[in-house]
Number of protein chains: 2
Amino acid sequence: METFTIKDIARELNLSTSTVSRALRGSYEINPETKRLVMECAERLNYRPNPIALSLKGSSSRAIGVIVPQIANYFFSQAINGIEAIAYNRGYHVIIFQSQESYEREMANVNQAMSRKVDGLLISLSSETSDVAHLRDVIDKNVPVVLFDRVSAELNVTQVVADNFGGAFAATEHLILSGRRRIAHLTIQPWLSITQERLAGYRAALEKHGLEFDENLIRYGTFGPDEVGPMVDELMALDPIPDAFFTASDRLAVGCLKALHQRQLAIPEDVSLIGFTNLNVADLLSPSLSTVVQPAQEIGQVAAERLIDLIENKQRAKPVDTVKIPTELVVRDSTNFVEHAEPLGAARTL
Amino acid sequence: METFTIKDIARELNLSTSTVSRALRGSYEINPETKRLVMECAERLNYRPNPIALSLKGSSSRAIGVIVPQIANYFFSQAINGIEAIAYNRGYHVIIFQSQESYEREMANVNQAMSRKVDGLLISLSSETSDVAHLRDVIDKNVPVVLFDRVSAELNVTQVVADNFGGAFAATEHLILSGRRRIAHLTIQPWLSITQERLAGYRAALEKHGLEFDENLIRYGTFGPDEVGPMVDELMALDPIPDAFFTASDRLAVGCLKALHQRQLAIPEDVSLIGFTNLNVADLLSPSLSTVVQPAQEIGQVAAERLIDLIENKQRAKPVDTVKIPTELVVRDSTNFVEHAEPLGAARTL
DNA sequence: ACGCACATCGGCAACGTTCCCGATAACGTT
DNA sequence: AACGTTATCGGGAACGTTGCCGATGTGCGT
């Protein structure tokens with residue numbers, strides 16, 4: 001099972017490497033008979049073009065770079081799954097980088113991906129990233145880039161996101177319709193696109209139902225360990241206290257659920273809880289967790305498809321735009337609907 | 001931010017590329033002064049060696065291939081996380097392949113990894129794989145290979161696994177000590193190493209406590225969708241019926257929990273449930289799930305470390321062996337300990 | 001018969017890097 | 001003074017592939 005090169009074929013058939021090369025890629029200026037011989041010989045030797053040499057030549061490397069903040073994260077691992085599936089079908093390999101939520105590492109990752117001559121870049125920004133100059137460099141070099149999930153409005157490239165506004169609006173409205181009035185929102189860094197969109201959806205739902213927006217009910221996480229407990233404590237010390245939590249990520253939803261359990265707060269009797277997540281065990285949690293489902297895998301697939309379209313068809317691929325993948329509200333026990341919503345402060349019974 | 005080559009430095013300093021190359025890698029036969037000039041110029045131009053050219057030259061590609069059955073799987077995504085962390089620290093990139101539990105795709109992945117000239121291969125076998133000739137080819141080519149989790153005794157290479165026997169033994173014994181006598185074992189394909197080891201641990205615990213091994217209580221899954229429900233139905237139709245379930249994977253544990261819920265079986269009153277998993281939400285499930293915890297991330301780290309040791313130090317790296325990472329039994333509500341174990345067949349109350 | 005177009009193929013350079021070898025000078029040895 | 005050493009560097013090939021240009025041969029028109 002050794003590896004044969006174009007030279008071996010040339011030697012075997014007493015041809016030049018050029019001829020073999022052109023025969024292999026079906027050039028018109030090669031005798032059909034010669035072409036047949038070459039093809040057959042290549043088949044016989046199980047010839048496979050050397051992707052490294054092709055990359056060096058400057059053509060395509062048939063690899064795409066994927067940069068995510070964390071692999072061990074329900075959302076990203078499923079997104080990568082979608083990416084890999086599409087890439088495999090279209091003959092590309094996936095080189096994975098983790099930014100670990102660090103701006104420094106993200107820049108390093110971008111440079112490494114470039115020096116590996118990836119044909120395109122799929123990236124979800126780290127939570128530290130506010131300046132996107134490093135990506136602008138890549139785009140200027142004419143390397144296709146598609147952002148997904150954690151995107152940036154400053155870049156004029158295709159972006160693929162969940163319908164964050166719509167999902168947040170639906171979640172918030174659901175809480176309101178089930179009688180909640182003081183809805184806390186636990187989210188992540190405020191400068192991220194997804195944070196802003198979800199916050200906007202949350203505000204819009206409040207406004208629609210005539211509820212006041214209270215900045216005190218918003219808490220911004222920082223991806224640190226065990227940060228959710230203190231946030232919950234702060235919120236529950238408010239007056240009046242919140243009667244619902246809307247969390248913006250997998251990590252926060254799980255952390256919040258754990259923190260509420262530890263503090264002996266009953267869900268949904270004391271507080272409702274709804275997450276913006278991608279957990280496939282949400283219905284098995286205690287209580288089963290209402291969620292806005294993000295189609296992580298589909299986001300990955302769409303992003304990969306758009307990227308490869310750009311790579312293979314730079315001229316007439318679909319125009320740059322922002323693709324919004326719909327989210328879905330799934331109501332479970334953590335936000336049990338209360339038949340007759342009671343006024344704030346009244347005792348709630350179930 | 002364009003990319004400079006060794007030639008640019010040579011032209012800049014009126015030197016030959018050879019001299020620059022050797023200066024850069026600190027050859028002794030270069031004038032220290034010249035060396036300084038080259039270094040400084042490289043620094044100034046932000047020179048980065050081209051990994052593609054290095055790969056073509058035949059030296060190292062500083063990339064390792066990772067082949068897993070599925071990325072979107074708690075165990076593997078965490079293992080990959082560990083792998084990537086180590087690889088990054090030691091200056092390697094990770095190219096990921098999914099075999100999708102298919103033998104065909106696994107072989108294709110191996111070939112692709114080879115043609116990408118990875119410096120080493122980390123692989124967890126697909127559930128379809130029984131023949132490992134494709135890996136033997138790789139090993140014969142002197143490319144370092146390390147197996148993890150799903151390993152094969154037929155290959156004389158370093159393997160990194162969880163302590164499957166010990167974990168299964170502990171889980172089974174825990175069930176026995178909490179009064180269970182008819183313990184069903186839901187596991188995966190029987191020819192996989194992890195299946196056999198866990199089954200052996202299960203049997204050993206039964207034997208130690210004088211319980212009979214009953215083949216009827218064992219069910220082998222096939223990674224199909226919704227396969228757990230029928231398995232549970234079959235098991236619960238046995239006479240006498242099982243009073244406990246021990247599952248061998250994340251997927252089976254979650255599927256089993258779901259199936260038991262749907263069938264209105266109370267956990268742990270009707271049946272106990274313990275999983276061999278990597279779920280970090282196990283304590284939030286309903287009921288909280290007792291598990292044997294597999295240190296997925298650590299397995300990935302150790303495997304990556306051993307592989308890179310082999311790559312960089314083929315002669316005197318640690319000898320080939322099988323590294324067993326300890327597992328940990330975590331008891332939660334799904335296997336509540338019953339104070340006075342009652343004889344088989346008697347009514348159980350809680 | 002001459003030239004010309006066409007068909008078919010080979011030679012060479014190039015991508016960025018390393019390595020083997022040879023070249024040049026300065027210096028010391030006998 | 002002739003030669004060998006040593007220090008320092010350049011030239012060229014090689015890794016596998018493609019693309020440009022040129023070479024060769026064949027057949028045709030005039």
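So you know, we letter chains A, B, ... as the sequences are listed, proteins then strands, and number each from 1.
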Answer yes or no: does a side-chain N or O of B/S21 lie under 4.0 Å from OP1 or OP2 of C/dT17? no

Within the structure provided, determine whether [X] and [Y] are in side-chain contact (heavy-atom separation under 4.5 Å).
X      : Y      : answer
B/L135 : B/L125 : yes
A/T322 : A/V161 : yes
B/S127 : B/I188 : no

Given the ring of A/Y88, does B/R105 sit roughly above its face, with NZ or CZ under 6.0 Å from the centre of the six-membered ring and within 45° of the axis? yes

Between [X] ([atom1]) and [N] ([atom2]), how many Å, whole number?
X      : N      : atom1 : atom2 : result
A/R11  : D/dG16 : CZ    : P     : 10 Å
A/K117 : D/dG16 : NZ    : P     : 20 Å
A/L24  : D/dG19 : CG    : P     : 13 Å
B/L54  : C/dC15 : CG    : C1'   : 13 Å
A/I9   : D/dG16 : CD1   : P     : 12 Å
B/E33  : D/dA7  : CD    : P     : 18 Å
A/I52  : C/dG16 : CD1   : P     : 15 Å
A/L56  : C/dG16 : CG    : P     : 7 Å

In 5'-to-3' order, the base (B), backbone-only (S) or no-contact (-) status of each nucleotide in nucleotides 7-14 of chain C, using a 4.0 angstrom heavy-atom cut-off, is -BBBBB-B

Got a salt bridge between A/R150 and A/E101, using NZ or NE/NH1/NH2 to carboxylate O under 4.0 Å? yes

Stepwise salt bridge (Lys or Arg N to Asp or Glu O under 4.0 Å) test for B/R90 and B/D309: CA-CA 10 Å; B/R90 299 185 61 169; B/D309 283 350; 3.1 Å; yes

A/Y47 near the nucleic acid: base, sugar-phosphate alone, or nothing, with a heavy-atom cut-off under 4.0 Å? sugar-phosphate

